[in-house]
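The structure appears below as structure tokens.
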Amino acid sequence: MAYIIKPLLTEKMNNLTERIPNRFGFVVRPEATKQQIKKEIEGLYNVEVVDINTARYAGKRSSRYTRSGLIKGQKPAYKKAYVTLKDGQMIDFYSNI
């Protein structure tokens, strides 16, 4: 089962990767465990994972004004995984472009 949704390619994550070259971020499914994330990353990218930190984010409420009135909703909850690889290993997300 695919637990990784997408890699984090934000400016904040790029700054973190520049400071710590072997740390990468991923958006994962909320029910994924650290062992499942580790197994999937090692299988997809052929790297050795040393450490994983996870963070859960709650869905935020949002509202907007339209012609028909006020529409309220909620953005979905998600989970981030910060993965530390073995020294000297990297993941190149831009090689397929």
Intermediate values then yes/no, side chain to side chain contact (heavy atoms under 4.5 Å, CB included), Ile41 and Ile4: CA-CA 8 Å; Ile41 289 175; Ile4 297 174; 3.3 Å; yes
Same apolar cluster (I L V M F W Y, side chains within < 4.5 Å links), Met13/Val27: yes
Side chain to side chain contact (heavy atoms under 4.5 Å, CB included) assessment of Ile37 paired with Thr54: CA-CA 10 Å; Ile37 297 167; Thr54 58; 4.3 Å; yes
Cluster link Ile52 to Met90, ILVMFWY, side chain under 4.5 Å: yes
Parallel, tilted or perpendicular, as decided by the 30° and 60° cut-offs, for the rings of Tyr45 and Phe26: tilted
Donor-acceptor pair between Tyr3 and Glu40 side chains, under 3.5 angstrom: no
Side chain to side chain contact (heavy atoms under 4.5 Å, CB included) assessment of Ile91 paired with Leu85: CA-CA 9 Å; Ile91 299 174; Leu85 304 180; 3.8 Å; yes
Distance, nearest 0.5 Å, that separates OG of Ser62 from NZ of Lys75: 5.5 Å
Smallest separation among heavy atoms of Tyr78 and Pro30, with atom names: CA-CG, 4.4 Å
Interatomic distance, Leu70 atom CG to Arg64 atom CZ [nearest 0.5 angstrom]: 10.0 Å
Same apolar cluster (I L V M F W Y, side chains within < 4.5 Å links), Phe24/Val47: yes
Within one Ile-Leu-Val-Met-Phe-Trp-Tyr cluster: Tyr57 and Val28, side-chain cutoff 4.5 Å: no
Where Leu16 and Arg23 come nearest, the two heavy atoms and their spacing: CD2-CD, 3.9 Å
Co-membership, hydrophobic cluster, residues Leu9 and Ile5, 4.5 Å side-chain: no
Shortest non-hydrogen contact between Arg29 and Lys79, atoms and distance: O-CD, 3.8 Å
Within-4.5 Å side-chain heavy-atom neighbours: Glu48 and Gln89: yes
Taking every non-hydrogen atom, the tightest pair across Glu31 and Gln36: O-OE1, 4.0 Å
Test item: Thr84 and Ile20 side chains (from C-beta on) under 4.5 Å apart, heavy atoms: no
